[in-house]
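These notes concern the structure reproduced below.
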Amino acid sequence: MIKRIGASPLLWPALALIALLAVNVVLTPTFLSIRVQDGHLFGSLIDILRNGAPTMLVALGMTLVIASRGIDLSVGAVVAVSGALACAHIAASADPASAATVITAMGIATGAAVGLGLWNGMLVSVFGVQPIIATLVLMTAGRGIALFITDGQIVTTVSAPFKILGAGFAFGLPVAILVSLAVFALVGLLTRRTALGMLLESVGINPIASRLAGVRYRTIVFAVYVFSALCAGIAGLMIASNISAADANNAGLWIELDAILAVVIGGTSLLGGRFSLTGTILGALIIQTLTTTVYTAGITPELTLVFKALVVIAVCLLQAPKFRALLSRKRRPPTHVTPASDAPVQSLSVPVPSTSAMVTK
Amino acid sequence: MTAPLSGPSDAPVVDMKDVTIDFPGVKALDGVDFRLLPGEVHALMGENGAGKSTLIKALTGVYDIDSGSITVGGSEQRFSGPRQAQDAGISTVYQEVNLCPNLTVAENILLGREPRRFGRIDYRAMNRRAKELLGQLELTIDPSSTLGDHPIAIQQLVAIARATAISARVLILDEPTSSLDADEVAELFRVMRRLRDGGTAILFVSHFLDQVYEISDRMTVLRNGRLVGEYPTATLDRVKLIAAMLGHELDLLEEIADTVAKSGPHAGEPVLSAKGIGRKPRVHPMDVDVHRGEVVGLAGLLGSGRTELARLLFGADRPTSGQTEVNGKPTTIRSPRAAIAKGFAFSSEDRKAEGIIGELSVRDNLVLALQARRGFARPLSKKTKDDLVHRYMEALDVRPRNPGTLVKNLSGGNQQKVLLARWLITDPQLIILDEPTRGIDVGAKAQIQKLVADLAADGMGVVFISAELDEVSRISDRIIVLRDGHCIAQVGTDCTVKELTALIAAGAQS
C-alpha cells in the first residue's frame, strides 16, 4: 500500500502543496482560518481558489493539448479577446445590467473562442503545422485583435449580472472556482468514463500507429485545440468579470506559461501521452499558492519570480526519474521483463471473438 | 561447459568471467563466461530475453556488473560508462544507426576528433582522412556528401568506418542486417571480413541464421541469462544450434507444413480483389486477389514494393490507380479507418514506430483497434475488456501474463503477439502482415507462423510479407513475386525456395 502511494505520480505535487500551505501557516497563523460573512466564505484559502480558477481552467484545456503531443501558446491571447468582446458588447448595449445582454455577451465571447480554437486545430491537424508555431501565430495576433476590439482602451462595464462569474458567490463559494471544478469533473468523466482518454493518450504517444489502428487522429487533435480555446474563453470572461473591465494588454498575460507549468508540475509529460487532470489541478493550486505566499510572506516584488522559479524547479526535479534515481542511489535502468522460455513452445489458438463486443457499423 | 578450442591461439582480447547482472526480480546474466579472440567474427546467439543485449550492455559500459570480471586487452576493466568502454577500444554499431544524419559523411566519421588548423576545423584534411579510412574498407562514398542522403546500409558502413577511425580493437554489431537487402548484406560482410583479417574482433548479433553461418567463426549461445556453450561454427549445425537456443526440440515447423497441406488449394470467395492497383512511382499497376482461407505471400527484395503494396491495400497510402472490390462490391478505401470498417487489419513491419503504443499497457494496446472502431462514446465495459484481454493473452501466449505491463517493456516477440491480438480482437476477414516475424526469437516465430496457417484454415484471408523466402514459401498458398514495383510472377505452392530465389534474382539482374 505504502509502495503504491510512493509510486503515484501525484505524490510530489501533493506534498509540495502541503509544504507550501504549511509555510504559510507558519508565516500567517490565521492562514487556514475561514470565516463566514454574509453567508459567503472568506479567507486566504478561498482567495487562492478564486484567483486560481482561471489558470486552473486554462490548464485543464492545456493538459489535453499537451497529451496530444501539442502545445497551445495562444490561450493568453484568447483570454484577452474573449474579455474584450464581452465587455465591448456590454458597454455598447442599451441595458448593460440586463441578464439578456450579459448572456449574449458571453455567447459572443465563447463563440469567438471556439472559432479561434478551430483555427488552431485546423493549422495543426489539417495542415500539419507544428503546434508551437501554429499557436504562436494566434498568441501574437490575438492580442492585436483584442486591442482592435477595445480601441486600445480599457473598457469598463457596470453590470451586476456580469460580475457574478468572476466575483460572485454561490453555495458560499466563489462562482469562478465552482465553474472550474465543474469543468474539471466534466472533462474527467468525459476522458475516463469513455474511451476518449485512452484514444487521446494513444494519439499523443504514437500518432502513426494510432492512425493505422483506426483512431480518428485528426478529429481528436482538432477537438483538443477547440476545447483549450473554449476553456481560455471562459477564463477570459472570469478575469474580465472579476475586475469589471477588459484590459487587452494585460488580461491573461503569461497565463499560457502558468498553465503549461501547472500541467508539468502535475506530472503530464510535455512529450505527450499519459496525462493527469488531478495533477494539473494540483499544479495550478501550487502556482496560485506560491503567488499568494509571496505576497503574505512580504517577499519583495523583485524576488517574486525568482522565488517562484525555485519552487517550480524543486517540484520538477523531484519528478524527474533520473534525479529520483540519484536520490535513492540506484543507478539501474528499468529492466525488461524476461519471459520464462523454458516452457515448451505452445501452439497458439484463436478464440472465437465474443459477438457482444463486436457490434459495430 | 566451454569446450576447448582449436583455432587462433592468441590471448582473448575480451575475457568476461562469471559475469552476473541482477535486475529486480530477474537475473539477466547469471555467471556467464564470454571470450572474444582477435581476428574472429563471433556470433552471440539466443532467444529474445536470453541475455544477449544485457551482455553487450555490460561490455559497452551501459550496465554495471554485479559480480565477475571483464578483462579487455589483458587489463581488468571496471566500466562506469560507455565512454570508458570506448576508450578501451570497444566500439558499437547499433541497429538504429546513431550518427548525425544532417552532417557530412566525413564529419560523422571524425566527429570529436576533427583535424584542426589555426584552431578551426580543416575540412580538406578531414575529407582526405575520411576518404582514406573509407578506402581502407574499400568503400567509395563521397566524404563531403550528407549522411542522411544515403540509405541505411551505407550509413551503417559509415558507422563502422567511424569505429575504425577510433581504432577499435573490438567491434560490436547488434542486428546490423535487419534492414538491409541481400546486396547490402554482402557488402557489409565484405567489410567485416576485411576488418577481421586486420585483427579486429567482431561480435555479431543477428536473427538470420543463414547470415550467422555465413560470417561467423565461432558462436556463444545463451539461454535465460546462462551460458549454454561456446562452439566453433563449423561444428554446430542448425538443428543443434536451435536446440541449444531453445532447450527443447521444435516440431511446430513440421506441423505448419501439415496445416498448409491439409487446407489445400482454396476455392473460397474473393475477400479482396484489386484491379490495376498502384501508386506512382513505387508501385506499378497490378492485380491482387485474396480469397477466404488463402495465404497470399508477397516476395521480393527490400524496395521491391512489397510494403508499399500492402499499405495501398489497407488505405494507409492512397492508390493513384486501380479499382478495388471487397466481397464482390466495388469499394474505395481511402484511409485505414475505411479499411478497418471493411474488416481489414494491417500489422506494419515497423513494430515500434507504427505498431505498438509503447507507453500504454498491454490491455489498452489490445483493445485499441476495436475501441477505435466503436468510437470513444461507446467504451468497452471493464468486464468485456478484461475478458477479451485475458482470452487473447492466453491464446497467443503473451508473456508476462500481466495486462497492466507497459507494452514497451515486452520483448519483441511478445509485442508482435500483442499487435496480432489487437487485430484478431476486431475479428477481421482479411489480415495483412508485413514482416510479422522480423527480429523475434525462434520460438515466437514458429508460434506466429502456425497461427497464420490456422487463421487461414478458419477462413480468414491473409497477405503475408517476409524477407525470408523459406518462410514465405512455407506459409503461402500463392506467392506474388515483386521486383522494382512490378508484379513479375504469381506462383503456387509447388514453387520451391530455390525457384523463388531464382525468380527474384533473375529479376534483379535484368
Side-chain angles (χ1 to χ4, degrees), chain A residues 190-220 223 269 271-275 330-361, chain B residues 23-24 26 28 47 49 63-64 224-225 246-248 250 252 255 316 336-337 340-341 346 348 353-360 364 368-374 376-377 379-380 384 387-388 391-392 395-397 399-400 405 409-411 414 422 424-425 427 443 446-447 450-451 454-455 458:
Chain A
L190 196 62
T191 52
R192 297 302 179 199
R193 283 294 161 162
T194 72
L196 196 58
M198 194 253 276
L199 296 179
L200 173 60
E201 287 181 341
S202 146
V203 163
I205 295 166
N206 193 339
I208 299 174
S210 302
R211 174 172 171 261
L212 287 178
V215 180
R216 286 183 189 274
Y217 165 76
R218 274 193 190 176
T219 317
I220 289 181
S269 161
L271 296 175
R274 309 301 283 259
F275 64 92
K330 262 200 170 165
R331 190 176 146 262
R332 198 28 85 63
T335 145
H336 282 244
V337 188
T338 5
S341 36
D342 257 349
V345 175
Q346 112 182 35
S347 165
L348 308 179
S349 57
V350 198
V352 184
S354 81
T355 39
S356 67
M358 300 298 151
V359 231
T360 39
K361 289 166 213 172
Chain B
F23 285 153
V26 196
E47 284 196 85
Y63 290 169
D64 262 347
N224 286 336
L246 294 180
H248 46 75
L250 259 185
L252 265 182
E255 240 180 87
R337 269 191 79 79
I340 292 165
F346 171 64
S348 160
E354 302 186 348
I356 59 163
I357 314 287
E359 308 281 327
L360 287 187
D364 286 348
L368 183 65
L370 179 61
Q371 184 64 67
R373 195 172 70 181
R374 290 167 60 96
F376 77 89
L380 294 159
T384 321
D387 184 47
L388 278 173
R391 230 144 30 101
Y392 279 85
L396 270 75
D397 191 26
R399 299 182 195 199
T405 319
N409 290 338
L410 262 52
S411 70
N414 282 299
R422 174 195 288 174
L424 295 182
I425 285 178
D427 192 22
Q447 286 182 323
K450 175 84 168 63
L451 177 71
D454 289 347
L455 288 173
D458 288 348

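- The shortest heavy-atom contact between B:A372 and A:A213 is CB-O, 3.9 Å.
- B:A353 touches chain A through its backbone: at least one of N, CA, C or O sits under 4.5 Å from a heavy atom, while the side chain does not.
- In terms of non-hydrogen atom pairs under 4.5 Å with chain B, the most contact-rich of A:I220, A:L212, A:L199 is A:L212.
- The heavy-atom pair separating B:P379 from A:R193 by the smallest distance is CG-O, 3.4 Å.
- For B:F376 against A:T194, the heavy-atom pair with the smallest separation is O-CB, 3.2 Å.
- Contact check for A:M198 versus B:L368: side-chain heavy atoms found under the 4.5 Å cut-off.
- Taking each heavy atom of B:G355 and A:A209 in turn, the nearest pair found is O-CB, 3.3 Å.
- Heavy-atom distances place both the backbone and the side chain of A:R216 under 4.5 Å from chain B.
- Of the two parts of A:R211, the backbone and the side chain both hold a non-hydrogen atom closer than 4.5 Å to a non-hydrogen atom of chain B.
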(message) For a side chain to side chain contact (heavy atoms under 4.5 Å, CB included) check, start with the C-alpha distance between A:N206 and B:L360, then their side-chain angles and the critical distance, and finish with the verdict.
(response) CA-CA 10 Å; A:N206 193 339; B:L360 287 187; over 6 Å; no
(message) As a quick check of understanding, evaluate side chain to side chain contact (heavy atoms under 4.5 Å, CB included) for B:I357 and A:S210, giving each step before the final call.
(response) CA-CA 8 Å; B:I357 314 287; A:S210 302; 3.7 Å; yes
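- In this structure a side-chain-to-backbone donor-acceptor pair under 3.5 Å is present from A:R274 to B:E359.
- A:R192 is linked by a side chain to side chain donor-acceptor pair (under 3.5 Å) to A:E201, counting only residues two or more places apart in sequence or in another chain.
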